[in-house]
Amino acid sequence: MPSIFKTYSKPIFILFLIIISNYSLLAQRTDVVILKNGDKITGEVKYMRVGILTYKTDNMETIEIQWNKIKSITTKNFFEIEVADGRVFFGSIAPGEDEDRMTVKGVTMDHNLFMKYIVRINRIKETFWDIIEGSVKLGFSFTKASNIGQVSLGGNAKYRTKINVTELALNSVFTTSDEELTSSKNDLSFSYQHNLKDEWFGAGIASLQENSELGIKLRTSVGGGLGNNFIQSQNQWLFTLAGLSVNREAKTDQTEAIYNLEAIISAQYQFFKYEHPKATFLTYTNIFPSLSNLGRFRFNYNAELSWEMVIDFYWDLTFYFEYDNQPQSEDASKSDYRIETSLKYVF
């Protein structure tokens, strides 16, 4: 046995070194980013969103680079590249013909694109956990004079593929007085978006809502429509949506549920400030004119300002207003609104 070990130990050791060295070479990150100031960074391109390129460097540190400070990118990996007018290209990335362009090297042909019009870059064939993005937030307030406390929590998770976007969102607010629950508001929604030609998309929406202030025990809604991305750039986004929705409303003071057919008119605007400290402003409004109960309409409006305190942790200021001109519960209010602050973590 010792002689066999002496005979084969050296070749085995050499083979082990070859395997380790080859694995090390495979594990090396070979993407290259050159900044406008001349700095060269070797690593791995993860994705680009809202004017920020997320990049994993050779020393395993993940950094964020402002898109307008990048001169060129070179990578052999395949990506999905979306431009402001809604067109999508697939391929590896190389420096362009001019300094302000980059080349997407596709399977059959190359495309020379202006970098300032690129709004999103996603890595192709990433795992579910690499692609998913979202946030969680928590807020709390208490007033001693009135013994009123309020707790808010929420979160969302978004999953993107080449032509689809799926999102699950939850928001809850609980108000207590003298250790008793006086009101609550809970919203759970699921949305699906299928990108069509140019800036158009089809969408499907399902939601559950409870709001004791408006006398809603449970509102279940299912609907869909057609939308358009009117503005889509590196720092702002505006879309509108129109469609139909069917809902079932169970009121707090009624035993029998009511069914409604409603139109959907929706608009959402986002503005991103990606220079440190990063900030995001989001506002949207949804209008629901009733088609089965003519004359009734309801709408909600939301505005949210997020300000980054440290990496991935934000301070949120949110204003919410909801109105129903014909609430179905006798003792219910026609409107509900709130202003709240919370801490949010973005992943």
Side-chain angles (χ1 to χ4, degrees), residues 49-52 84 86 119-120 133-139 141 150 152-158 160 165 167-173 185-193 199-201 203 205 207 209 211 213-214 221 223 225-243 245 262-275 277-289 297-309 313-325 334-346:
R49 294 165 193 155
V50 296
I52 295 292
V119 297
R120 187 178 296 111
E133 58 184 89
S135 65
V136 291
K137 64 179 182 179
L138 176 66
S141 65
Q150 187 176 78
S152 62
L153 56 92
N156 75 304
K158 185 180 294 186
R160 297 179 184 272
V165 181
E167 182 175 11
L168 181 68
L170 170 66
N171 288 285
S172 298
V173 179
K185 183 182 185 302
N186 298 284
D187 294 278
L188 176 65
S189 64
F190 174 83
S191 62
Y192 173 80
Q193 176 180 319
E199 298 89 4
W200 293 93
F201 63 89
I205 306 168
S207 65
Q209 181 183 17
N211 190 324
E213 181 70 15
L214 298 180
S221 302
L226 186 66
N228 184 276
N229 292 305
F230 281 96
I231 299 176
Q232 187 174 219
S233 67
Q234 292 178 5
N235 66 341
Q236 57 182 329
W237 179 38
L238 170 65
F239 78 79
T240 60
L241 173 73
S245 172
E262 298 175 317
I264 303 174
I265 304 171
S266 178
Q268 179 172 308
Y269 174 77
Q270 281 184 281
F271 178 80
F272 308 94
K273 173 183 172 292
Y274 51 81
E275 293 182 354
K278 291 187 292 185
T280 302
F281 175 72
L282 165 67
T283 182
Y284 64 82
T285 184
N286 300 309
I287 304 173
F288 303 93
F297 72 92
R298 58 188 184 88
F299 75 88
N300 58 63
Y301 172 77
N302 190 90
E304 178 180 320
L305 176 65
S306 300
W307 193 273
E308 187 177 45
M309 300 182 299
F313 284 90
Y314 288 76
W315 172 78
D316 261 24
L317 176 63
T318 302
F319 171 74
Y320 176 89
F321 180 79
E322 184 169 352
Y323 177 81
D324 187 341
N325 74 327
K334 287 187 176 182
S335 63
D336 182 30
Y337 65 89
R338 75 177 188 274
I339 299 175
E340 67 177 37
T341 61
S342 57
L343 296 178
K344 181 170 69 176
Y345 171 71
V346 176

dist Phe271:CZ -> Leu282:CG (nearest 0.5 Å) comes out at 13.5 Å

Assess whether atom OH of Tyr337 is packed by more than 12 heavy atoms of other residues, nucleotides or ligands within 6.0 Å. no

Quick check for you: to the nearest 0.5 Å, what is the distance between Leu214 atom CG and Tyr323 atom OH? 11.0 Å

With Asn300 via side chain to side chain contact (heavy atoms under 4.5 Å, CB included) - residues at least two apart: Tyr284, Asn286, Phe288, Tyr320, Glu322

side-chain hydrogen bond (donor to acceptor under 3.5 Å, both in side chains) with Gln236: which residues, sequence neighbours excluded? Tyr269

Can you measure from OG (Ser189) to CG (Asn171) and round to the nearest 0.5 angstrom? 7.5 Å

Minimum heavy-atom separation for Leu241 and Gly225, please, with both atom names. CD1-C, 3.7 Å

Within the 4.5 Å heavy-atom criterion, are Thr240 and Ile265 side-chain neighbours or not? no

Sub-4.5 Å side-chain heavy-atom contact between Phe319 and Tyr301: yes

Could you walk me through whether Trp237 and Gln268 pass the side-chain contact (heavy atoms from CB on, under 4.5 Å) check? CA-CA 8 Å; Trp237 179 38; Gln268 179 172 308; 3.9 Å; yes

Restricting to non-hydrogen atoms, name the atom on Ser152 and the atom on Val173 that form the minimum distance, rounded to 0.1 Å. CB-CG2, 4.1 Å

In chain order, what residues pass the side-chain hydrogen bond (donor to acceptor under 3.5 Å, both in side chains) check against Glu304, with sequence neighbours excluded? Ser306, Lys344

Please list, chain by chain and in numerical order, all residues satisfying side-chain hydrogen bond (donor to acceptor under 3.5 Å, both in side chains) with Gln150, sequence neighbours excluded. Thr175

Taking every heavy atom of Asn186 against every heavy atom of Ser172, the minimum-distance pair comes out as OD1-OG, 2.7 Å

Close side-chain approach of Leu168 to Leu188, heavy-atom, < 4.5 Å: yes

Which heavy atom in Arg298 sits nearest to a heavy atom in Ser221, and how many Å separate them? NH2-OG, 4.5 Å

Taking ring-ring contact (aromatic ring centres under 6.0 Å, His included) as the definition, give me every residue that meets it alongside Tyr345, ordered by chain and number, with sequence neighbours left out. Phe313

The side-chain hydrogen bond (donor to acceptor under 3.5 Å, both in side chains) partners of Thr341 (sequence neighbours excluded) come to none

Interatomic spacing from CZ in Phe201 to CG in Asn228 - rounded to 0.5 Å: 7.5 Å

Carefully, step by step, assess Leu153 and Val136 under the rule side-chain contact (heavy atoms from CB on, under 4.5 Å). CA-CA 8 Å; Leu153 56 92; Val136 291; over 6 Å; no

Taking all non-hydrogen atoms of both residues, which atom of Asn156 and which atom of Ser135 are closest, and how far apart? OD1-OG, 2.8 Å

Which distance, rounded to the nearest 0.5 Å, do you find between the CH2 of Trp307 and the CG of Asp316? 13.0 Å

When rounded to the nearest 0.5 Å, the distance separating CD1 of Ile264 from CD1 of Ile287 is 12.0 Å

For salt bridge (charged side-chain N to carboxylate O under 4.0 Å, His left out), just list the numbers for Asp187 and Lys185, CA-CA rounded to whole Å, side-chain angles, deciding distance to a tenth of an Å, and then say yes or no. CA-CA 7 Å; Asp187 294 278; Lys185 183 182 185 302; 2.2 Å; yes

Student check: side-chain heavy atoms of Leu343 and Met309 closer than 4.5 Å: yes

